[in-house]
Amino acid sequence: MTYSEYYKQFNKNYQRTSSFTSGISLMIVDAFTILICIGCSFFLINAVDRALINFKSFVNYSIYIPFILIVFYFARLYPGIMMTPADEVRHLSICSIFSFTGIALSISVETNDRWPIILALILAIPFAIIFLPAARELARYSFAKQKWWGVPAVIYVTGNSGETVINRLINRPDLGYKPALIVDSAPAHADEYKGIPVFSPSLELNELIKKTGMKVAFLCDYIDYYAETTSILGSYRYTIIVPKKPGMNSINLNVRDLGGILGFSSTHDLTKGWCLLIKRGIDLLLLLVSSPVVLPVTLIIAILVKLTSKGPVFYGHKRVGKNRKEIKCWKFRSMVVNADQMLDQILAEHPEMRKEWERDRKFTNDPRVTKLGKFLRKTSLDEIPQLFNILTGEMSFVGPRPVTEPELARYGDFSDYILSVQPGLSGMWQVSGRSDTGYEERITLDTYYIQNWSVWLDIWIIIKTAWVVVKGKGAY
């Protein structure tokens with residue numbers, strides 16, 4: 001493909017795609033979500049005492065939405081593609097607190113006896129902290145199917161160094177990056193890779209890229225023979241460098257000045273007492289809030305398990321917890337009572353299933369699972385008893401996946417690091433593919449969580465967990 005042919009193809013495929021369009025779409029979603037948050041808070045107060053507030057009057061306060069969106073804009077929440085999930089939750093939460101509190105204060109100063117309205121606006125804050133990231137997540141999955149969503153990106157590679165990134169961007173259009181061109185300094189592909197044109201670096205190619213107006217570039221272990229990396233960094237508005245070394249892509253580094261020497265620092269926040277206290281507080285709060293729903297559901301499932309198959313209702317699976325302490329992860333029993341004996345027989349008689357077990361420590365279609373067990377696993381309801389592990393402090397709602405003793409060999413040098421924190425009912429691995437991911441990616445995801453932990457990341461993972469459970473994707 002010639003440069004002129006590619007330019008025509010680019011204009012045909014990406015003429016409607018821009019960060020502006022993506023930003024406007026998320027702005028509209030935010031506007032509707034903010035109105036819903038106000039409506040929910042008005043509904044709560046109206047449910048307590050109808051005389052305090054007129055539920056339908058919440059629509060009148062939509063006049064403040066443009067003000068809130070302006071705050072969001074200056075917090076760089078638009079176009080909303082370049083920001084990490086944790087940063088997005090943090091910005092949405094802080095801006096919501098600032099905006100709703102500011103509106104409430106202005107009303108309290110201007111008028112008297114409006115305390116129900118002021119209370120409603122303050123109550124809208126927790127709704128916004130949950131609903132805004134959730135609505136954006138849902139919107140991205142919906143918008144991903146549209147041609148106008150996302151921004152075209154140039155992928156700089158050396159041979160096969162960028163295949164994982166390219167495949168991920170193709171499979172996850174909701175991320176908002178559309179691989180439009182591959183620049184390969186040591187071509188390992190033909191003229192294209194999965195429909196994406198591949199060119200060798202040249203000055204003419206640089207001019208073509210400028211002509212297209214693409215603003216995003218990925219550098220995947222790229223060795224450029226025609227220009228220094230610094231010149232590439234200066235050619236784009238956003239440049240994302242993907243390091244080759246495993247584990248380095250998960251470290252949140254901060255710049256440090258050592259008397260004129262440039263250094264980088266990383267912090268393990270989950271070793272700090274106040275961070276652990278906050279995390280424990282979130283766990284207990286979630287247990288309290290969920291208990292009215294969880295307790296009846298637990299009773300119903302326990303009865304069904306007992307009626308549909310012989311054996312105990314609960315099953316405690318031995319796992320390795322924080323600091324290598326052995327714990328029992330409780331689940332509703334989803335297998336037949338002689339599952340261990342059946343496993344030995346399966347491994348002896350079915351070589352293909354044996355290979356699958358040795359690779360993943362599980363089966364895609366496990367013959368030992370009961371009919372009810374298949375439903376419980378698909379919906380993740382079998383994991384409800386692990387809330388008891390959270391109550392006792394052996395687990396957290398969010399954390400690295402709990403592992404068995406044999407699995408630790410797969411984690412290699414990362415095992416002590418991952419076991420330095422409490423395992424989680426959900427985590428980066430569970431919301432990023434769950435049983436579809438291999439051990440190398442699980443390690444990367446778990447170490448990413450530890451190195452980048454924040455309250456905002458936990459909120460995002462909890463929201464994402466609900467989405468994954470509803471979809472029923474990758475349950476194990």
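Position 1 is the first residue of the sequence; numbering continues from there.
- For Thr379 against Leu376, the heavy-atom pair with the smallest separation is OG1-O, 3.3 Å.
- Within the 6.0 Å centre-distance limit, the rings of Phe143 and Trp148 are counted as a close aromatic pair.
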| message | Does Thr404 form a side-chain hydrogen bond (donor to acceptor under 3.5 Å, both in side chains) with Arg319? I'd like the steps, not just the answer. | response | CA-CA 5 Å; Thr404 60; Arg319 300 292 179 102; 5.9 Å; no
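- Contact record, Cys220 with Ile155: SG-CG2, 4.1 Å, taken as the closest heavy-atom pair.
- With hydrogens and angles disregarded, no donor-acceptor distance shorter than 3.5 Å links the side chain of Lys215 to the backbone of Ala153.
- Atoms CH2 and CD1, on Trp115 and Ile45 in that order, are 7.5 Å from each other to the nearest 0.5 Å.
- Put simply, the side chain of Met83 reaches to within 4.5 Å of the side chain of His91, judged on heavy atoms.
- Residues Ser420 and Leu270 form no side-chain contact, since every pair of their non-hydrogen atoms from C-beta on lies 4.5 Å or further apart.
- Residues Tyr156 and Asp221 bring no donor and acceptor atom of their side chains to less than 3.5 Å of each other.
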| query | Yes or no on ring-ring contact (aromatic ring centres under 6.0 Å, His included) for Tyr411 and Tyr417, after CA distance, side-chain angles and deciding distance? | reply | CA-CA 10 Å; Tyr411 284 76; Tyr417 187 65; over 10 Å; no
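- Expressed to the nearest 0.5 Å, how far CD1 of Ile70 lies from CZ of Phe67 amounts to 8.0 Å.
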| Intermediate values then yes/no, salt bridge (Lys or Arg N to Asp or Glu O under 4.0 Å), Asp446 and Arg401 | CA-CA 7 Å; Asp446 284 342; Arg401 66 181 298 270; 5.8 Å; no
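- Side chains of Asn167 and Lys194: a donor-acceptor N/O pair is present below 3.5 angstrom, by distance only.
- Asn323 contributes no side-chain N or O that, together with a main-chain N or O of Lys325, makes up a donor-acceptor pair within less than 3.5 Å.
- Counting only distance, with no hydrogens or angles, the side chain of Trp149 and the backbone of Ser142 share no donor-acceptor pair below 3.5 Å.
- Asn46 contributes a side-chain N or O that, together with a main-chain N or O of Ile53, makes up a donor-acceptor pair within less than 3.5 Å.
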| Are Arg324 and Ser415 close enough, and set up right, to give a side-chain hydrogen bond (donor to acceptor under 3.5 Å, both in side chains), and what steps lead you there? | CA-CA 9 Å; Arg324 295 185 177 268; Ser415 59; 3.3 Å; yes
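- Separation of atoms SG (Cys37) and CD1 (Ile65) is listed at 9.5 Å; rounding is to 0.5 Å.
- Checked against the 6.0 Å centroid threshold, Phe218 and Tyr177 count as a close aromatic pair.
- For Lys272, the NZ atom is densely surrounded, since the number of other residues' heavy atoms within 6.0 Å is greater than 12.
- The backbone N or O of Ser96 sits nowhere less than 3.5 Å from a side-chain atom of Ser99 that would complete a donor-acceptor pair.
- Ring-centre distance between Phe332 and Phe314: below the 6.0 Å cut-off.
- Between the side chains of Asp87 and Trp456, no donor-acceptor pair is found at a separation under 3.5 Å.
- At a threshold of 4.5 Å between non-hydrogen side-chain atoms, the residues Pro385 and Thr298 do not count as touching.
- Checked by atom type and distance alone, the side chain of Ser41 pairs as donor or acceptor with a backbone atom of Ile38 at under 3.5 Å.
- Contact of the Met395 side chain with the Leu387 side chain is not registered, since no non-hydrogen atoms from C-beta on lie closer than 4.5 Å.
- The list of side chain to side chain donor-acceptor pair (under 3.5 Å) pairs with a residue in residues 52-62, not counting sequence neighbours, reads Tyr61-Arg114.
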| query | Going through the checks in order, is the ring-ring contact (aromatic ring centres under 6.0 Å, His included) test met by Trp467 and Tyr141? | reply | CA-CA 11 Å; Trp467 170 253; Tyr141 277 95; 5.1 Å; yes
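- The environment of Asp49 atom CG is dense: over 12 non-hydrogen atoms of other residues, nucleotides or ligands sit within 6.0 angstrom.
- Considering only heavy atoms from C-beta on, Val216 stays 4.5 Å or farther from Arg237 through its side chain.
- The shortest side-chain heavy-atom distance between Cys275 and Trp453 falls under the 4.5 Å cut-off.
- Within 6.0 Å of CZ on Phe20 lie no more than 12 heavy atoms contributed by other residues, nucleotides or ligands.
- One finds the CD1 atom of Ile129 at 10.0 Å from the CZ atom of Phe100 (value rounded to the nearest 0.5 Å).
- Under 3.5 Å, the side chains of Ser396 and Arg280 contain no donor-acceptor pair of N or O atoms.
- Ile34 approaches Leu69 most closely through the heavy-atom pair CD1-CD2, 4.2 Å.
- Without hydrogens or angle criteria, Asp283 side chain to Ile390 main chain gives no donor-acceptor distance under 3.5 Å.
- With values rounded to the nearest 0.5 angstrom, Ile300 atom CD1 is found 11.5 Å from Leu295 atom CG.
- Residues Pro133 and Ile463 come closest through the heavy atom pair CB-CD1, 3.6 Å.
- What you find for Val305 and Pro312 is that their closest heavy atoms are CG1-O, 4.2 Å.
- The backbone N or O of Gly150 sits less than 3.5 Å from a side-chain atom of Ser22, completing a donor-acceptor pair.
- Ser380 and Glu383 are not linked by any side-chain donor-acceptor pair at a separation below 3.5 angstrom, with hydrogens and angles left out of the test.
- Defined by atom type and a distance below 3.5 Å, a donor-acceptor pair is present between the side-chain atoms of Ser309 and Arg333.
- Closest approach of Thr465 and Ser426 over heavy atoms only: OG1-OG, 2.5 Å.
- Note on residues 115-138: pairs passing salt bridge (Lys or Arg N to Asp or Glu O under 4.0 Å), not counting sequence neighbours, are Asp30-Arg136, Glu88-Arg136, Glu137-Lys464.
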